[in-house]
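Reviewing the structure listed below.
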Amino acid sequence: MMIATWNVNSLKVRLPHVLDWLADKAPDLLALQETKIQDENFPAAELAAAGWQAVYSGQKTYNGVAILSRPGAEPRDVVVDLPGFDDHQRRVLAATYGDLRLVNLYVPNGSEVGSDKYAYKLQWLEHLRRWLAEELAAHPLLAVVGDFNVAPEDRDVHDPEAWAGSVLVSPAERAAFREILALGLHDAFRLFEQEGGHYSWWDYRAAAFRRNRGLRIDHILVSDALRARCRACAIDTAPRGWERPSDHAPVYAVFED
DNA sequence: ATGGTCGTTGGACGA
């Protein structure tokens with residue numbers, strides 16, 4: 001079984017990339033973020049024609065999440081948005097496939113440390129942690145995936161000195177990330193790779209991808225029981241080099257059945 | 001070089 005996550009930065013623009021990647025990798029589940037598309041405009045027919053069904057929660061211009069799956073693996077117990085957190089931004093989508101619970105997140109970016117958006121991000125992460133505790137208690141096989149907008153450690157940052165203290169790496173954001181891991185979740189990528197230099201996002205500006213000046217901010221977190229089945233986790237940097245790419249690369253994990 | 005480039009829009013704003 002393969003599950004994957006990809007911030008596509010507009011599904012309308014990136015649909016050809018998504019279809020190409022699905023055809024090549026054939027994951028069982030693909031979580032998408034920043035679809036930037038309202039539900040009535042979601043390309044469900046185009047995806048269905050390629051053999052994929054979708055659940056989605058979108059809005060105009062910003063945010064938006066979706067999960068693609070194969071027909072036959074019916075999504076159950078779909079949750080939209082963080083329970084108990086009054087928020088119109090479409091950033092959360094969860095569904096159960098067989099005995100696997102998948103939580104798809106587009107964590108707020110935070111803009112700048114000290115800004116209102118930064119405070120909102122930290123508050124959002126606190127509510128996320130509380131909800132994930134409940135999800136973990138209810139679902140032994142839990143995967144929490146998406147764009148976390150947090151680079152957990154300095155080895156996840158191309159230039160830690162230049163980035164020190166700024167949004168995506170600040171101590172408070174990293175502490176919030178660690179508290180989520182402390183619930184009993186594991187960063188699947190770090191089960192297999194300890195070196196730095198592996199990133200999932202590169203700024204569009206200043207030829208950042210060509211120079212591999214990136215951050216690892218897209219993650220697949222797995223519960224204890226799911227970790228026991230995890231056989232691989234990797235970042236597919238190839239699509240970041242395609243024509244008119246997303247600024248994020250897909251991350252995927254493989255599990256023993 | 002204190003910016004750079006995208007996407008959504010139809011002038012900025014968010015990332």
Side-chain angles (χ1 to χ4, degrees), chain A residues 5-21 31-43 46-47 56-66 81 87-93 104-125 128 145-152 156-170 172-174 176-177 199-219 235-251:
Chain A
T5 177
W6 195 1
N7 179 323
V8 291
N9 186 20
S10 169
L11 183 56
K12 182 178 181 179
V13 172
R14 232 65 69 190
L15 183 60
H17 284 195
V18 170
L19 290 171
D20 285 350
W21 196 81
L32 302 174
Q33 304 87 36
E34 280 205 272
T35 56
K36 297 185 175 180
I37 201 162
Q38 290 175 295
D39 290 348
E40 56 265 40
N41 298 326
F42 191 88
E46 293 93 326
L47 287 161
Y56 39 91
S57 175
Q59 67 182 89
K60 188 180 173 68
T61 309
Y62 304 114
N63 309 313
V65 283
D81 299 342
D87 186 4
H88 66 282
Q89 299 185 30
R90 297 281 95 91
R91 297 181 175 278
V92 175
L93 184 61
N104 179 18
L105 304 176
Y106 176 47
V107 176
N109 172 280
S111 188
E112 288 183 33
V113 172
S115 67
D116 289 348
K117 289 188 173 69
Y118 181 76
Y120 164 78
K121 179 180 191 174
L122 294 179
Q123 185 181 35
W124 195 98
L125 286 167
L128 172 68
V145 312
D147 177 359
F148 284 72
N149 269 317
V150 178
D156 301 310
V157 179
H158 70 87
D159 187 344
E161 290 184 11
W163 276 86
S166 64
V167 74
L168 310 185
V169 311
S170 73
E173 291 165 81
R174 286 176 164 176
F177 186 84
Y199 311 125
S200 66
W201 169 82
W202 302 259
D203 198 299
Y204 281 123
R205 296 167 289 189
F209 179 63
R210 180 178 60 73
R211 302 156 69 192
N212 197 28
R213 297 174 64 83
L215 273 65
R216 194 176 69 89
I217 57 176
D218 300 86
H219 306 299
I235 303 166
D236 183 9
T237 59
R240 185 61 178 79
W242 293 350
E243 189 175 351
R244 205 178 181 191
S246 168
D247 45 353
H248 295 252
V251 183

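All values below come from the heavy atoms of this structure, side chains included, with hydrogens, waters and symmetry mates left out. Model, not experiment: these values are computed from the prediction. The sequence lines fix the lettering, A, B, ..., with proteins before strands; numbering per chain opens at 1.
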Subject >> From B:dT8, B:dC6, B:dA15, nucleotide with atom closest to A:Tyr204 side chain >> reply: B:dC6
Original post:
Would you call the rings of A:Tyr56 and A:Phe42 parallel, tilted or perpendicular, where under 30° means parallel and over 60° means perpendicular?
Top reply: parallel
**OP:** Write down the distance between CD (A:Glu112) and C1' (B:dA15), rounded to a whole number of angstrom.
**Re:** 12 Å
Subject >> Stretch residues 57-64 of chain A: residues that reach within less than 4.0 Å of DNA chain B through a heavy atom >> reply: A:Lys60, A:Thr61, A:Tyr62
**OP:** Nearest whole angstrom, please: distance from the P of B:dT5 to the CG of A:Asn9.
**Re:** 16 Å
Original post:
From B:dT8, B:dC6, B:dG4, pick the nucleotide closest to the side chain of A:Lys36?
Top reply: B:dT8
**OP:** Evaluate the side-chain contact (heavy atoms from CB on, under 4.5 Å) criterion for residues A:Leu32 and A:Arg14: first the C-alpha distance (whole Å), next the side-chain angles of each, then the deciding distance (0.1 Å), finally the verdict.
**Re:** CA-CA 11 Å; A:Leu32 302 174; A:Arg14 232 65 69 190; over 6 Å; no
Original post:
If you count the non-hydrogen atoms of other residues, nucleotides and ligands that lie under 6.0 Å from CD in A:Glu112, is the total more than 12?
Top reply: no
**OP:** Could I get the full list of ring pair (Phe, Tyr, Trp, His ring centres under 6.0 Å) partners for A:Phe148, not counting sequence neighbours?
**Re:** A:Phe177, A:His219
Subject >> Nearest-nucleotide 5' precedence on DNA chain B, A:Trp201 against A:Arg205 >> reply: A:Arg205
Original post:
How far does the C1' atom of B:dG3 sit from the matching atom of B:dA15, given to the nearest Å?
Top reply: 16 Å
**OP:** Indicate yes or no for a side-chain donor-acceptor contact from A:Gln59 to the backbone of A:Arg90 under 3.5 Å, with no hydrogens or angles considered.
**Re:** yes
Original post:
When you measure from the side chain of A:Arg240 to the backbone N and O of A:Asp247, does any donor-acceptor pair fall under 3.5 Å?
Top reply: yes
Original post:
Rounded to whole angstroms, how far apart are CD on A:Glu243 and P on B:dC6?
Top reply: 11 Å
Original post:
What's the NZ-P distance between A:Lys12 and B:dT8, to the nearest Å?
Top reply: 7 Å
**OP:** Could you identify which residues of residues 157-167 of chain A place a heavy atom less than 4.0 Å from some atom of DNA chain B, listed by residue number, or say none?
**Re:** none
**OP:** Report the distance from atom NE2 of A:His248 to atom C1' of B:dC6, rounded to the nearest whole Å.
**Re:** 11 Å
Original post:
A:Asp247 or A:Ser10: which one's nearest nucleotide on DNA chain B is closer to the 5' end?
Top reply: A:Ser10
**OP:** Report the distance from atom CG of A:Asn41 to atom C1' of B:dT8, rounded to the nearest whole Å.
**Re:** 13 Å
Original post:
Within a reach of under 6.0 Å around CD of A:Glu40, are more than 12 heavy atoms found that belong to other residues, nucleotides or ligands?
Top reply: yes
Subject >> Set of residues satisfying ring pair (Phe, Tyr, Trp, His ring centres under 6.0 Å) with respect to A:Tyr199, sequence neighbours excluded >> reply: none
**OP:** Whole angstrom is fine here: how far is it from CG in A:Asn149 over to P in B:dA15?
**Re:** 8 Å
Subject >> Value in whole Å for how far the C1' atom of B:dG4 lies from CH2 of A:Trp202 >> reply: 19 Å
Subject >> Gap in Å between the two P atoms, one belonging to B:dG4 and one to B:dC13, rounded >> reply: 15 Å
**OP:** Remember a base hit wins even if backbone is also touched, and classify A:Phe209 as base, sugar-phosphate or nothing at under 4.0 Å, heavy atoms.
**Re:** nothing
Original post:
What pair of heavy atoms forms the shortest contact from A:Ser115 to A:Gly110, and how long is it?
Top reply: OG-O, 3.2 Å
**OP:** Would you please classify the geometry between the A:Trp242 ring and the A:Trp6 ring as parallel, tilted or perpendicular, with 30° and 60° separating the classes?
**Re:** perpendicular
Original post:
So which of residues 113-124 of chain A are in contact with DNA chain B, with a heavy-atom cut-off of under 4.0 Å?
Top reply: A:Lys117
Original post:
Are A:Lys117 and A:Pro108 side-chain neighbours, meaning at least one heavy-atom pair lies under 4.5 Å?
Top reply: no
Original post:
Sequence neighbours excluded, which residues qualify as side chain to side chain contact (heavy atoms under 4.5 Å, CB included) partners of A:Ala208?
Top reply: A:Trp202, A:Asp203, A:Arg213
Original post:
Side-chain N or O of A:Arg14 less than 4.0 angstrom from OP1 or OP2 on B:dG7?
Top reply: yes
